[in-house]
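Report on the following structure.
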2 protein chains.
Amino acid sequence: MFNYYRTMAGARDLPHPDTANLVLTDVLFALSDPSRLELVRRLASGPLEVAACQPTGGEVPKSTLSHHLKTLREAGVIRNVPQGRQRYVSLRRDDLDERFPGLLDAVLGAPAR
Amino acid sequence: MFNYYRTMAGARDLPHPDTANLVLTDVLFALSDPSRLELVRRLASGPLEVAACQPTGGEVPKSTLSHHLKTLREAGVIRNVPQGRQRYVSLRRDDLDERFPGLLDAVLGAPAR
DNA sequence: GTGACGGTTCGAAAATTTTGGAACCGATCA
DNA sequence: TGATCGGTTCCAAAATTTTCGAACCGTCAC
């Protein structure tokens, strides 16, 4: 078959920005969506597999969830690494603290409502 | 003439959310735009009249600038008060510190690029 | 009054983001 | 090999945000 690598649908390692290159406005934007922020709050307690990243309460289509993960990953908020058949999602807490000291603590410490 | 109060184009006092009601995601969203964030950084040095809120470098149409001010004001990031013929724009630093401790400091302290 | 000034609101077009189904991929297991 | 599983990417539609000209408003100077 041709076009072996035409799509990235099954790429093992997704791109993650370097800590030194994180852009503040991208991080703020990624965190400005309520469902993404809620996920980040949950990730503060530890890594989750993608399926567990579903918003508490309702189910969301896989593609929608994947898009939110992409937004967070490309901003540098989370890490998304393959682990066998699934993927682990974790908060890039140390990297965020290094690049934007105090920001994540302030966000996580803020009233949820 | 009829319809005295049909529009708000000349309203003296614009609405500002109460400190206790500020919504984190709204604040993060307001700050996630580069030109708005740059303005907030400038406002950290003190109030500005609207005309002085123009982005350093280029000129932007008045209506565009006004829209950005509205986004920041409705999120509770800035205050916009009439003063004679003009208006003064100021950062709601104390209110933000009260509702989201550490957030503004982290944002202002973050590397600009 | 009349006009200029500083600035907001209205309205519509352009750009971006969000959403979700369908196709796809690699890993795993039979 | 083949089928299933967990998840991403592709694509297009819907929703939201951004942009900006035009209309408008209140203040001040004349």
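Note that the structure is predicted; figures quoted are calculated from it, not measured.
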*Starting at the 5' end of DNA chain D and moving along, which residue's nearest nucleotide shows up first, A:Leu65 or A:Arg85?*
A:Arg85
Report yes if the side chains of [X] and [Y] come closer than 4.5 Å at any heavy-atom pair, otherwise no.
{"X": "B:Lys70", "Y": "B:Leu14", "value": "no"}
{"X": "A:Leu104", "Y": "A:Arg93", "value": "yes"}
{"X": "B:Arg73", "Y": "B:Pro15", "value": "yes"}
{"X": "A:His16", "Y": "A:Asn80", "value": "yes"}
{"X": "A:Leu69", "Y": "A:Leu39", "value": "yes"}

Figure out the [atom1]/[atom2] separation between [X] and [N], and round it to whole Å.
{"X": "B:His16", "N": "C:dT8", "atom1": "NE2", "atom2": "C1'", "result": "13 Å"}
{"X": "B:Asp13", "N": "C:dT8", "atom1": "CG", "atom2": "P", "result": "13 Å"}
{"X": "A:Leu14", "N": "C:dC24", "atom1": "CG", "atom2": "C1'", "result": "15 Å"}
{"X": "A:Glu74", "N": "C:dT18", "atom1": "CD", "atom2": "P", "result": "12 Å"}
{"X": "A:Ile78", "N": "D:dG7", "atom1": "CD1", "atom2": "C1'", "result": "13 Å"}
{"X": "A:Gln86", "N": "C:dG26", "atom1": "CD", "atom2": "C1'", "result": "14 Å"}
{"X": "B:Gln83", "N": "C:dC5", "atom1": "CD", "atom2": "C1'", "result": "16 Å"}
{"X": "B:Arg87", "N": "C:dC5", "atom1": "CZ", "atom2": "P", "result": "19 Å"}

Anything under 3.5 Å between a protein N or O and an N or O of nucleotides 12-18 of chain D, put it in a table, one pair a line.
residue, atom, partner, partner atom, Å
D:dT18, OP1, B:Arg36, NH2, 3.4

*asked:* Both A:Ser35 and B:Lys70 contact DNA chain C. Which one's nearest nucleotide lies toward the 5' end?
replied: B:Lys70
*Which residue, B:Arg73 or A:Val60, contacts DNA chain C at a nucleotide closer to its 5' end, judged by nearest heavy atom?*
B:Arg73
*asked:* Nearest to the side chain of B:Ser66, heavy atoms from C-beta on, is which of C:dT9, D:dG6, D:dT8?
replied: C:dT9
*For side chain to side chain contact (heavy atoms under 4.5 Å, CB included), just list the numbers for A:Leu65 and A:Gln54, CA-CA rounded to whole Å, side-chain angles, deciding distance to a tenth of an Å, and then say yes or no.*
CA-CA 7 Å; A:Leu65 177 57; A:Gln54 284 285 353; 3.9 Å; yes
*Side-chain N,O (A:Asn80) to OP1/OP2 (D:dT8) below 4.0 Å*: yes
*Under 4.0 Å: is that the gap between some side-chain N or O of B:Arg12 and OP1 or OP2 of D:dT27?*
yes
*asked:* If I compare all heavy atoms of A:Arg99 with all of B:Arg113, which pair ends up nearest, and what's the gap?
replied: NH2-O, 2.9 Å
*Of all heavy-atom pairs between A:Asp95 and A:Arg79, which one has the smallest distance, and what is that distance?*
OD2-NH2, 3.1 Å
*For DNA chain D, determine which residues of residues 46-57 of chain B have any heavy atom closer than 4.0 angstrom to one of its atoms, and list them numerically.*
none
*Donor-acceptor pair (no angle test) under 3.5 Å: B:Ser63 side chain, D:dG21 base*: yes
_side chain to side chain contact (heavy atoms under 4.5 Å, CB included), paired with B:Leu43, selected from B:Leu108, B:Ile78, B:Leu72_ = B:Ile78
*A:Glu38 pairs by side chain to side chain donor-acceptor pair (under 3.5 Å) with which of A:Arg41, A:Arg36, A:Arg42?*
A:Arg42
